[in-house]
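Note sheet for the following structure.
Protein chains get the first letters and strands the later ones, always in sequence-line order, with residue 1 at the start of each.
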There are 2 protein chains.
Amino acid sequence: MSLRIALLGALAANGPLSGYDLAKNFDGSLSYVWPARHSQIYPELAKLAADGLATVREDGGRGRKVYEIAEDGRAALAKWLTGTEPSRGIRSEASLRMFLLPLLDPAQAVPLLRREAERYAEQVRELEQVRDHHRPPTAPGRNGWYALDLGIRQLAAIRDWAAATADHIAELTSSGPG
Amino acid sequence: MSLRIALLGALAANGPLSGYDLAKNFDGSLSYVWPARHSQIYPELAKLAADGLATVREDGGRGRKVYEIAEDGRAALAKWLTGTEPSRGIRSEASLRMFLLPLLDPAQAVPLLRREAERYAEQVRELEQVRDHHRPPTAPGRNGWYALDLGIRQLAAIRDWAAATADHIAELTSSGPG
DNA sequence: CAGAACATGTAACCGGTTACATGATTTT
DNA sequence: AAAATCATGTAACCGGTTACATGTTCTG
């Protein structure tokens, strides 16, 4: 279900798009919460068209097909956003690692946590540049600025946790068993 | 691979456990980043034992089997934590919804964002109580406090984003097209 | 004209979910 | 003795990944 919604969302936000465009980066931000490969995207777009939620049009000689969201598609998207409870579960290998890092002995855990903190800090800096380059929207509607902002905040949370946890463990071990 | 690691992590952190125990809540916190059902856990534990990463012992007459992490298991866990790059991808239906909510017209989006902000605020308050009840560890090693702290920070980030975005959209529409 | 990038699809496999199935102990 | 809970497992299905397969247009 969710892939379908993600595609409708991308089409609603970024106008008519081909499967190739969508596969490339899913609008550059959607892939952060719902990644998908072209092998999954192409069949799903075909289904979307078959179900009348999007319209297809051949575009140029290279076999390119451009999909545009239909009225039924917008309705389905709005219904999902307003009328259903999303599953709160997530599955994140990176977070799993964070959860488990404190199990290592402090001499290993602290530098790894600091390295992770720095990695996330760097990613946050990069994305902040992109975000601030685009500037917040001055009119409501279709744009990825909010999505990017959310991504940055989540990464910053992990960064802060990793730094704080490294400090905490380091402090414990310097005073504790010494 | 990750389920295997998650199970080893749970066994390392919380001592010997049965599949039933693990399935119940995955230590109460691990399930937040890597949920799993008993139908997946039981076979994986059997494999873990077959591969020598954990040891089994029958425990009581109800067919209960208790698994304990073996030395090889600890080594495998440590190797994964220190020697591999985790995939950075996540898949979150809740975040997907957040990403897409600003696509709705402001009259719908703003109250939904505020409702989500309140939902996350409540969850943060609940988990903060749990966390602060347990208090931060005073000795390094096996405990779920850090994991819980990470979960709270991530939820708080979403909460803050939802509130800020609601405010921002509301402000735009009150001054913008009026 | 060769190689890169564009563009779409299919098939095999794997991890995960839902549902099915069974039996032992404890509680009421 | 019935119901609830403990406890483990299997099977069918589905969503997603990897790999395979094919053809077109642009660039150097």
Side-chain angles (χ1 to χ4, degrees), chain A residues 1-8 10-11 16-26 30-51 54-68 80 85-93 95-96, chain B residues 1-8 10-11 16-26 30-51 54-68 80 85-93 95-96:
Chain A
M1 195 76 255
S2 291
L3 173 62
R4 174 159 272 226
I5 296 299
L7 291 173
L8 287 174
L11 293 176
L17 290 168
S18 71
Y20 187 81
D21 297 332
L22 287 162
K24 271 236 133 165
N25 54 10
F26 235 151
L30 213 43
S31 66
Y32 286 105
V33 292
W34 208 269
R37 309 277 173 178
H38 77 270
S39 57
Q40 207 185 353
I41 290 171
Y42 287 126
E44 190 62 39
L45 284 173
K47 276 191 222 164
L48 238 39
D51 294 348
T55 55
V56 212
R57 134 175 68 92
E58 293 277 336
D59 179 64
R62 239 182 300 194
R64 182 182 165 91
K65 293 177 188 174
V66 169
Y67 292 81
E68 182 165 19
W80 186 81
E85 272 302 304
S87 135
R88 303 278 156 185
I90 72 158
R91 182 165 272 129
S92 162
E93 202 176 305
S95 292
L96 174 62
Chain B
M1 197 74 254
S2 292
L3 172 62
R4 172 158 273 227
I5 296 299
L7 290 173
L8 286 174
L11 292 176
L17 290 167
S18 70
Y20 187 81
D21 297 333
L22 287 161
K24 271 236 134 165
N25 54 9
F26 235 149
L30 212 46
S31 66
Y32 286 106
V33 292
W34 209 269
R37 309 277 174 177
H38 78 269
S39 57
Q40 207 185 351
I41 290 171
Y42 287 126
E44 191 62 38
L45 284 173
K47 278 190 221 164
L48 238 38
D51 294 349
T55 54
V56 213
R57 134 175 68 92
E58 294 276 336
D59 179 64
R62 238 182 301 197
R64 180 182 167 93
K65 293 179 187 171
V66 169
Y67 291 82
E68 182 165 18
W80 185 81
E85 272 302 305
S87 138
R88 303 277 157 186
I90 71 157
R91 185 165 271 128
S92 161
E93 202 176 306
S95 292
L96 175 62

- Under 4.0 Å between any heavy atoms, over every strand shown, what does A:Arg62 touch: base, sugar-phosphate, or nothing? Just pick one. base
- Take atom NE2 of A:His38 and atom P of D:dC20, then tell me their distance rounded to the nearest Å. 13 Å
- Phosphate oxygens OP1/OP2 of D:dG9: is one of them under 4.0 Å from a side-chain N or O of B:Tyr42? no
- Provide, to the nearest angstrom, the distance between the CZ atom belonging to A:Arg64 and the C1' atom belonging to D:dC26. 14 Å
- Item | Of A:Gly61 and A:Lys47, the one whose closest DNA chain D nucleotide lies more 5' | A:Lys47
- Is any side-chain nitrogen or oxygen of B:Tyr20 closer than 4.0 Å to OP1 or OP2 of D:dC6? yes
- Do the charged groups of B:Arg64 and B:Glu58 touch, with an N to O distance under 4.0 Å? no
- Task: Considering just the side-chain nitrogens and oxygens of A:Gln40, establish if one lies under 4.0 Å of OP1 or OP2 belonging to D:dG15.
- Result: no
- Query: Is it true that a side-chain atom of B:Asp51 and a backbone atom of B:Leu48 form a donor plus acceptor pair closer than 3.5 Å?
  - Reply: no
- Specify the separation, in whole Å, of atom CD1 of B:Ile41 and atom P of D:dT10. 15 Å
- Note on the structure: Between CZ of B:Arg4 and P of C:dG16 the distance, given in whole Å, is 12 Å
- Name the residue closer to the 5' end of DNA chain D, choosing between B:Arg91 and B:Lys24 according to the nucleotide with the nearest heavy atom. B:Lys24
- Query: Should B:Ser2 and A:Leu96 count as side-chain neighbours, where that means a heavy-atom distance under 4.5 Å?
  - Reply: yes
- Quiz item: A:Ser39 side-chain donor-acceptor pair to D:dT18 base, under 3.5 Å: yes
- Flag the pair A:Val56 / A:Val66 as yes when at least one side-chain heavy-atom distance between them is below 4.5 Å, and no otherwise. no
- Return the value, rounded to whole Å, for the distance between atom CG of A:Asp59 and atom C1' of C:dT8. 14 Å
- Message: Counting the atoms with a prime plus P, OP1 and OP2 as sugar-phosphate, which does B:Arg37 contact under 4.0 Å by heavy atoms, base, sugar-phosphate, or nothing?
- Response: base
- Query: Rounded to the nearest Å, what distance is computed from the CZ atom of residue B:Arg57 to the P atom of nucleotide D:dA7?
  - Reply: 13 Å
- For the pair made of CG in B:Leu45 and P in D:dT8, what is the distance, rounded to whole Å? 9 Å
- Item | Pairs satisfying side-chain hydrogen bond (donor to acceptor under 3.5 Å, both in side chains), at least one member in residues 32-41 of chain A, at least two apart | none
- Can you tell me the distance, in whole Å, between the CE atom of B:Met1 and the P atom of C:dG16? 11 Å
